[in-house]
Number of protein chains: 2
Amino acid sequence: MTGGSGRRYNARTPHGGSAAVQSPLYRHVISQITQKLESGEWRSGETIPSEPRLAQQFHVSVGTIRKAIDELVAGQILVRHQGRGTFVSTHSEDHYRYHFFHIVDADGTKRFPAVELHAFRRGRADGSEAAKLGLKRGAPVIRVVNLLRLDDDPVVLDRITIAAQQFPGLTRAIFVARPGTIYHLYQERYGVSVIRAVERLRAVTADGATGKALGVRAGDPLLEIERVAYTYRDRPVELRVSQVNTGHHAYLSELGKGA
Amino acid sequence: MTGGSGRRYNARTPHGGSAAVQSPLYRHVISQITQKLESGEWRSGETIPSEPRLAQQFHVSVGTIRKAIDELVAGQILVRHQGRGTFVSTHSEDHYRYHFFHIVDADGTKRFPAVELHAFRRGRADGSEAAKLGLKRGAPVIRVVNLLRLDDDPVVLDRITIAAQQFPGLTRAIFVARPGTIYHLYQERYGVSVIRAVERLRAVTADGATGKALGVRAGDPLLEIERVAYTYRDRPVELRVSQVNTGHHAYLSELGKGA
DNA sequence: AAGTGGTCTAGACCACCAT
DNA sequence: TGGTGGTCTAGACCACTTA
């Protein structure tokens, strides 16, 4: 044959055919790859099969495989390395660490924070937590409070809520002893990869306890960030409410250029 | 010939050839297209030549043209419409209007604000403005203050600074009479297309005047957004400091999924 | 019916990495 | 040296819009 391929469209709708032309082939490939990631068949940090091999497995051309991988790379799910292969993104990579941390100091530099655990408790989801995490009210949850320091200054107080069922056996000791970021822990120990998050920002006033932790007076303004983090297929993983002292730092948001 | 094309690499470095392989062809195409946009040869809202025509003009294959356009579409610079053509993005399109407006109400819905002009004055750039707009201190600027209402409630107070030279003949009347958004005005009347912006968010306390405009008490917390908006080649266009009453609204930020 | 973008294929060569 | 991704080409057919 010479090159055309319209037949592929029909190859997937052989019977009846009255149905619409559905999604293009590369969407199907994306879905298949996502499933392998979801199921843990391909794990974070590992290389996935080469493009020619995938083309064989999925019975499509290399060009179609490339188009599918292109999208997953754009979404930070995969990373390509010329000459080495294509890898499943890891939260231990620098570019990914910063992807979910948006606090910068006065001159715009991002520094990575030192984390200090203030609390680790088990409890039951209230109405708001349940709604945002897709749980039933009263479902068992783990709540964590972390203080983040930048250059020794306390800047962020995180209140984290996760579903206990999704992280069986998680203890304070495990949480404290983790080598990297929290998302790296979710990923390495529980196979839960945070790939997306939605944040809502508001200005609030510090209450006594929070103010004390962040070294500001009660009533001083703080930036509050409510984040819901998601894994594949938009499944919610974590609810995190951060309060930020923006006296010497700011939240950086870039619009456009791949945003 | 059958298909290969490595020669192209050399075709662009015919003499000496000791130089590195420079950028790929599609980068060069992106640059050429960007220049046509920058110079105003292709204006916003207009269609650009078809892909086969561009391939001829630039002496590359359609595939290479497509790859270049792919990137510009991802960056919201161009918009494709199957069957109609490829168009230069306009700030009058809905998807673009919301691209630079991130305030949502309690249930997460974006509504477009009603704008009320509070001030329009000419002045000279102070040190901070000059630095952020790439001007010399004391350069002539225009300063605008706008109040944005959502469902009749005053929610955002914008203080805008632009270089007077870039917007010759701009008057209060023109500013008020514009049909669409401010960025649409920049684009339509002055050929200046805002395509990217960087925002820094902080929590501050309302001063008397701002509080009055937003219907809050002096000392209440407000979300302050400092935005620098850029056009092609990262040239700064506008400095905008917004103060937001986040009592019933929030700033929405999405991380991941093309961010 | 003609023209445009959208999808898919097949194959070439280049650049980079590991061995 | 062999394998991997990166670039580029050429050409087919599909889907959509406009006239």
Side-chain angles (χ1 to χ4, degrees), chain A residues 1-13 17-31 33 46-74 78-89, chain B residues 1-13 17-31 33 46-74 78-89:
Chain A
M1 85 196 66
T2 50
S5 74
R7 56 186 159 63
R8 286 294 174 202
Y9 282 87
N10 300 330
R12 271 148 58 239
T13 58
S18 68
V21 178
Q22 288 140 316
S23 56
L25 256 187
Y26 72 89
R27 287 269 162 229
H28 193 228
V29 172
I30 289 174
S31 177
I33 293 177
E46 294 178 357
T47 134
I48 71 172
S50 74
E51 293 170 356
R53 217 183 305 278
L54 286 175
Q56 272 195 320
Q57 281 182 30
F58 294 152
H59 304 290
V60 299
S61 76
V62 177
T64 300
I65 293 292
R66 280 192 67 81
K67 177 144 188 176
I69 292 180
D70 278 349
E71 286 219 2
L72 292 165
V73 167
L78 300 176
V79 180
R80 284 203 249 244
H81 290 293
Q82 190 175 10
R84 295 204 286 138
T86 301
F87 298 76
V88 184
S89 293
Chain B
M1 85 198 65
T2 52
S5 75
R7 56 188 158 65
R8 286 294 173 203
Y9 282 88
N10 300 330
R12 271 144 62 235
T13 58
S18 68
V21 178
Q22 290 139 316
S23 57
L25 256 186
Y26 73 87
R27 287 269 161 230
H28 193 229
V29 172
I30 289 174
S31 177
I33 292 177
E46 293 179 358
T47 134
I48 70 172
S50 73
E51 294 171 356
R53 217 184 306 278
L54 287 175
Q56 273 195 320
Q57 283 182 30
F58 294 153
H59 305 291
V60 299
S61 77
V62 177
T64 299
I65 294 292
R66 280 192 68 80
K67 177 145 188 175
I69 293 181
D70 277 349
E71 286 219 4
L72 293 165
V73 167
L78 300 176
V79 179
R80 285 202 248 245
H81 291 293
Q82 190 175 9
R84 295 204 284 137
T86 301
F87 299 77
V88 184
S89 293

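Just so you know, these numbers use all the heavy atoms, side chains as well, and skip hydrogens, waters and symmetry mates. All of these numbers come straight from a predicted model, not from anything done at the bench.
- Between B/K67 and D/dC8, a side-chain N or O to OP1/OP2 separation shorter than 4.0 Å is absent.
- Rounded to an integer number of Å, the gap from CZ of B/R27 to C1' of D/dC8 is 15 Å.
- One atom, CG of A/D70, and another, C1' of D/dT7, lie 12 Å apart when rounded to the nearest Å.
- Here the closest heavy-atom approach between residue A/L78 and residue A/V88 is recorded as CD2-CA, 4.0 Å.
- The side chain to side chain contact (heavy atoms under 4.5 Å, CB included) search around A/S50 returns A/P52, A/R53, not counting sequence neighbours.
- Atom CG in B/D70 sits 9.0 Å away from atom CD1 in B/I30 (nearest 0.5 Å).
- Rounded to an integer number of Å, the gap from B/H59 NE2 to D/dC8 P is 16 Å.
- Within the 4.5 Å cutoff, the side chain of B/I48 has no heavy atoms near those of the B/F87 side chain.
- Contacts of B/Y26 classified as ring pair (Phe, Tyr, Trp, His ring centres under 6.0 Å), with partners at least two apart in sequence or in another chain: none.
- One interatomic measurement links the two molecules: NE2 of A/H28 to C1' of C/dT7, which rounds to 16 Å at whole-angstrom precision.
- Residue A/I69 contributes atom CD1, which lies 15 Å from atom P of C/dC8 at whole-angstrom precision.
- One finds no salt bridge joining B/E71 and B/R66 here, because no Lys/Arg side-chain nitrogen approaches an Asp/Glu carboxylate oxygen to under 4.0 Å.
- Proximity note for A/Y26 (side chain, C-beta onward) versus D/dG5, D/dT9, C/dT7: the nearest is C/dT7.
- For the pair A/F58 CZ and C/dC8 P, the computed distance is 14 Å after rounding to whole Å.
- Listed candidates were D/dT9, C/dC8, D/dT7. Nearest to the side chain of A/L25 is C/dC8.
- The CD-P distance, from A/E71 to C/dG6, rounds to 13 Å in whole Å.
- For B/T64, the listed nucleotide lying nearest its side chain is D/dT9; candidates were C/dT7, C/dG6, D/dT9.
- Listed candidates were D/dT7, C/dG6, D/dA10. Nearest to the side chain of B/R66 is C/dG6.
- For the pair B/I30 CD1 and D/dT7 P, the interatomic distance rounds to 10 Å; values are reported in whole Å.
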Nucleotides 1-4 of chain C: which of its N/O atoms have a protein N/O under 3.5 Å away?
from: C/dG3; atom 1: N2; to: B/G83; atom 2: O; distance (Å): 3.1
from: C/dT4; atom 1: OP1; to: B/R53; atom 2: NH2; distance (Å): 2.8
from: C/dT4; atom 1: O2; to: B/G83; atom 2: N; distance (Å): 3.3

**Asked** Hey, mind stepping through B/H81 and B/T86 against side-chain contact (heavy atoms from CB on, under 4.5 Å) and telling me if it holds?
**Response** CA-CA 6 Å; B/H81 291 293; B/T86 301; over 6 Å; no

